[in-house]
Amino acid sequence: MANPTYQSILDGARELVKDTDDPNTGSQRFPDSMLIGILNRALSALSTVRPDAFYDSFNRNNLNVPTVVAGTPDEDAGEVGLDDEMAIDRMFHPPLIEYVAGMIEATEDEFTVDGRALLLLERFRRSVTSM
Amino acid sequence: MSADSIFLEGSGCECDVSLDTWLRDALPQVPGIVRSVAARELVLACREFYERSLSWRTTIGPVHARSRFLQYYQSPYDDYTNVVAVLGVEWKGRPLKKLVRQPTLDWESSDPTHYWITDVPDAVGLWPKLRADTDNALHFHVALTPKQSVDHLPRIAAIKHYDAILDGFLARVWSHPSKPYSNPAEAERRRTRFVAAIARYSGEAKTGYAAAQNWSFPRFGR
């Protein structure tokens with residue numbers, strides 16, 4: 001079974017924050033560039049609490065956490081594209097969506113519901129650890 | 001009964017048990033584990049079991065003996081297996097006595113009487129050194145362990161040591177820190193059972209798994 005793509009994490013996060021307008025209309029509240037930045041921070045956060053998630057990409061004393069980019073990825077620099085399949089187990093897909101959505105809520109200062117950001121970030125932490 | 005179900009040594013079936021045999025039973029007990037980490041821990045548990053218990057044994061030989069040939073390295077035994085200990089050496093069917101270090105006397109003989117373990121546990125030397133080449137003179141009784149790179153485990157692991165290896169695997173993964181599947185108390189209990197199984201099967205292996213005596217009368221003289 002194919003793994004979800006990195007794009008699907010962003011799509012899932014947009015669903016949670018009700019930002020699913022057609023991107024071609026220019027009416028999306030949060031640009032892809034912002035969500036990609038959050039996604040890359042999510043992967044870094046995951047690598048600190050669950051380094052085993054990147055077990056298969058370990059090479060040369062490095063976990064090799066990928067960097068998601070919008071354009072054509074430079075594979076030699078450890079970059080992956082939005083349409084690439086996740087290089088980690090699909091069980092980390094829901095927590096990554098929750099992290100991205102939680103961080104979006106945390107940065108929102110106009111329409112945010114305070115508790116949602118906390119709830120989503122807490123769900124991320126509980127999903128991947130036992131702490 | 002059909003003889004087709006009997007495998008021949010060296011046909012490659014000695015390590016034909018898939019890791020899935022254990023993982024299917026174990027994965028429901030470790031929710032949230034990365035599959036490749038689970039597979040790795042399973043191989044390490046299996047390797048630890050055989051390295052400590054020396055309960056997977058075989059005889060290598062006959063091997064040609066070469067004059068003044070210092071050391072006989074046994075590993076790798078095959079693509080899947082390393083030798084973890086040399087338990088005995090026979091010279092023309094006669095057991096040699098074991099020495100715990102290399103003798104300093106540089107003697108030669110056409111009939112070695114002793115063998116000594118080198119700085120690595122899978123290599124032995126003969127003493128006195130052999131004076132002339134002798135074909136088919138040596139047999140090595142050795143203990144085996146799976147290589148760390150294997151994706152299949154030995155048949156004896158599934159036939160005889162299944163529960164012990166499962167205990168060792170669960171003890172390892174449940175002791176991982178701060179994972180959804182972490183369970184230190186249960187890990188300790190499984191670890192205790194694993195260590196007890198190592199002792200039990202170490203003893204059984206010495207009897208050849210046939211309740212035989214684990215000693216023999218010493219041979220006197222030559």
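In the text below, chain A, chain B and the rest are named by the order of the sequence lines, each starting its count at 1. No hydrogens, no waters, no symmetry mates; every other heavy atom, side chains included, goes into these values. Bear in mind the structure is a predicted one, so any value in this text is a computation, not a measurement.
For A:R123, the CZ atom counts as loosely surrounded, since its 6.0 Å shell holds 12 or fewer non-hydrogen atoms of other residues, nucleotides or ligands. No more than 12 heavy-atom neighbours from other residues, nucleotides or ligands sit within 6.0 angstrom of CD on B:E188. Summarising the local packing, CD of A:E75 is surrounded by 12 or fewer heavy atoms from other residues, nucleotides or ligands at distances under 6.0 Å.
Across A:D56 and B:S36, no two heavy atoms sit closer than the pair OD1-OG, 2.8 Å. Nearest approach of A:S127 to B:P180, heavy atoms of both residues: O-CG, 3.9 Å. In plain terms, the two heavy atoms of A:R50 and B:I33 that are nearest each other are NH2-CA, 4.3 Å. Contact detail for B:G32 and A:M91: the closest heavy-atom pair is O-CE, 3.1 Å.
Separating the CZ atom in B:R40 from the CG atom in A:D52 is a distance of 14.0 Å, to the nearest 0.5 Å.
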